[in-house]
Amino acid sequence: MSSLTLNSVKKVYPGEVTAVYNFNADIEDKEFIVLVGPSGCGKTTTLRMIAGLEEISDGEIYIDDKLVNDIPPKNRDIAMVFQNYALYPHMTAFENMAFGLKLRRFPKNEIKKKVHDAAKILEIENLLNRKPKELSGGEKQRVALGRAIVRNPKVFLMDEPLSNLDAKLRVQMRTEIIKLHRKLQTTFIYVTHDQTEAMTMGSRIVVMKDGHIQQIDTPQNAYNNPSNLFVASFIGSPQINVLTGTIIKDNNRLYFKLPDNTLIKLPEDKRNILEEQNYVSKEVYMGIRPECLSLGDDNVQADDISIVEVEIEVKELMGAEIYTYFTICNEQMIARVKSSLDKNVGEIMKIQIKADDLHLFDKDTEKTIF
């Protein structure tokens with residue numbers, strides 16, 4: 001077992017600077033949890049408090065139901081993989097991986113077996129005699145992972161381990177870490193600012209902003225059902241489109257009315273929510289993801305589809321898709337359309353907006369309405 005519990009964990013630095021507020025999370029045995037958010041949101045500080053490298057100001061941290069607040073890092077049975085690899089330059093890959101075991105006075109034959117077993121998992125057996133300067137970025141990261149694996153810890157902590165790699169290698173290593181988690185069947189806690197890493201790697205993600213947890217959920221649910229405008233904007237690439245408008249009622253139908261008087265149909269099954277919470281005649285934010293915008297047609301008569309006419313300003317060919325940029329009511333928007341539906345810059349395009357694809361957010365609290 002290697003479960004982890006954080007109860008109301010808080011970190012305040014000198015000068016009353018609070019980095020993490022009231023962090024609560026129950027992490028199950030063998031889970032892959034990703035802490036994600038912009039720089040300065042408190043995710044690395046949280047990881048360092050779990051590791052014992054940062055003293056907590058308030059709250060409790062339990063590993064396997066054991067309070068570890070006052071237990072030093074070396075006795076917490078965790079392993080941490082850092083962003084900069086933290087390899088000793090004068091040691092070979094083998095010596096780097098074996099170093100922690102030597103300090104714990106493991107027998108030489110056991111050290112050799114553990115290092116070679118880890119190297120086999122990571123496919124770096126042929127690199128064990130090389131020093132860090134002879135290794136590529138990806139190879140250094142594998143050695144750093146190997147150093148953690150040989151200890152067979154209860155929990156792996158990873159602090160943006162792929163951020164120094166190029167884009168192609170980052171994708172490759174992402175896959176390797178997912179495979180590694182499946183092989184080792186150990187609890188992983190992973191920190192990143194990259195929402196793509198969070199979405200593809202985590203069994204659950206913890207979205208953070210300004211030291212506060214915004215949402216703890218599966219990646220898919222955070223994407224489909226964001227708790228607020230920040231989560232909706234942070235999760236998903238390209239970012240969700242956001243417009244400001246007013247909820248109005250016309251001919252017994254609810255619409256989202258833009259400043260230029262364009263009306264966008266709202267889903268009929270959400271009428272009760274909007275009426276009961278007094279949103280009719282109020283200003284709200286509307287969000288719609290780029291992949292939910294499709295090319296429209298003058299002849300579309302569907303009761304749940306609205307057509308908005310726009311002028312193409314910029315387009316980016318992404319292979320099978322084209323990112324198409326345009327403006328609605330002075331707000332920059334983007335649609336992901338198939339490359340077979342290519343149109344030229346300056347052309348007028350009819351955008352189809354389906355009512356069920358919309359998200360609405362309270363303008364004051366930015367919390368999700370639906």
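Owing to the predicted nature of the structure, the values given are computational and were not obtained by experimental measurement. Sequential numbering from 1 along the given sequence is applied to the chain's residues.
Contact of the Thr44 side chain with the Gln83 side chain is not registered, since no non-hydrogen atoms from C-beta on lie closer than 4.5 Å.
Classified by interplanar angle (parallel below 30°, tilted 30° to 60°, perpendicular above 60°), the ring pair Tyr88/His90 is perpendicular. Ring geometry, His181 versus Phe188: the interplanar angle exceeds 60°, so the pair is classed perpendicular (tilted spans 30 to 60°).
Within 6.0 Å of NZ on Lys120 lie no more than 12 heavy atoms contributed by other residues, nucleotides or ligands. Within a 6.0 Å radius of CD in Glu123, other residues, nucleotides and ligands contribute 12 heavy atoms or fewer. With a 6.0 Å radius and a threshold of 12 heavy atoms from other residues, nucleotides or ligands, Asn330 has its CG atom at or below the threshold.
For Asp166 and Arg170, the salt-bridge test fails: no basic side-chain N is under 4.0 Å from an acidic carboxylate O. Between Lys154 and Asp64 a salt bridge is recorded (basic side-chain N to carboxylate O distance below 4.0 Å). A salt bridge links Asp303 and Arg253; the closest N-O separation between the charged side-chain nitrogens and carboxylate oxygens is under 4.0 Å.
Between the side chain of Thr368 and the backbone N or O of Ser227, at least one donor-acceptor pair lies under 3.5 Å. Ser203 places a side-chain N or O within donor-acceptor distance of the main-chain N or O of Phe32, the cut-off being under 3.5 Å.
Here the shortest heavy-atom pairing between Lys43 and Met208 reads CA-SD, 3.8 Å. The heavy-atom pair separating Pro161 from Tyr190 by the smallest distance is CG-CE1, 3.4 Å. Taking every heavy atom of both residues into account, Asn224 and His359 meet most closely at O-CE1, 3.2 Å.
Under a hydrophobic clustering in which Ile, Leu, Val, Met, Phe, Trp and Tyr are joined whenever their side-chain heavy atoms come within less than 4.5 Å, directly or via other members, Phe23 and Val68 fall into the same cluster. The hydrophobic cluster containing Val81 also contains Leu162, counting ILVMFWY residues as joined when their side-chain heavy atoms lie under 4.5 angstrom apart, directly or transitively. A single hydrophobic cluster is not seen to contain both Tyr255 and Ile264; linkage of ILVMFWY side chains at heavy-atom distances under 4.5 Å, directly or through other members, places them apart.
Between Ile273 atom CD1 and Tyr279 atom OH the span is 10.5 Å, to the nearest 0.5 Å.
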Using residues 9-19 as the side-chain source, report each donor-acceptor pair under 3.5 Å to any protein atom, sequence neighbours left out, with the distance given to one decimal.
residue: Lys11; atom: NZ; partner: Glu55; partner atom: O; Å: 2.7
residue: Tyr13; atom: OH; partner: Glu54; partner atom: OE1; Å: 3.4

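With 3.5 Å as the limit, one finds a donor-acceptor pair spanning the side chains of Asp29 and Ser2. For the residue pair Gln214 / Asn228, a side-chain donor-acceptor distance below 3.5 Å is found, with atom types taken as modelled. One side chain, Thr262 or Asp260, offers a donor N or O that lies under 3.5 Å from an acceptor on the other.
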### Message
Test side-chain contact (heavy atoms from CB on, under 4.5 Å) on Met80 and Leu47; report intermediate values, then the result.
### Response
CA-CA 9 Å; Met80 192 156 179; Leu47 198 74; 3.6 Å; yes
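Remark: Lys367 pairs with no residue by the salt bridge (Lys or Arg N to Asp or Glu O under 4.0 Å) rule, at least two apart or across chains.
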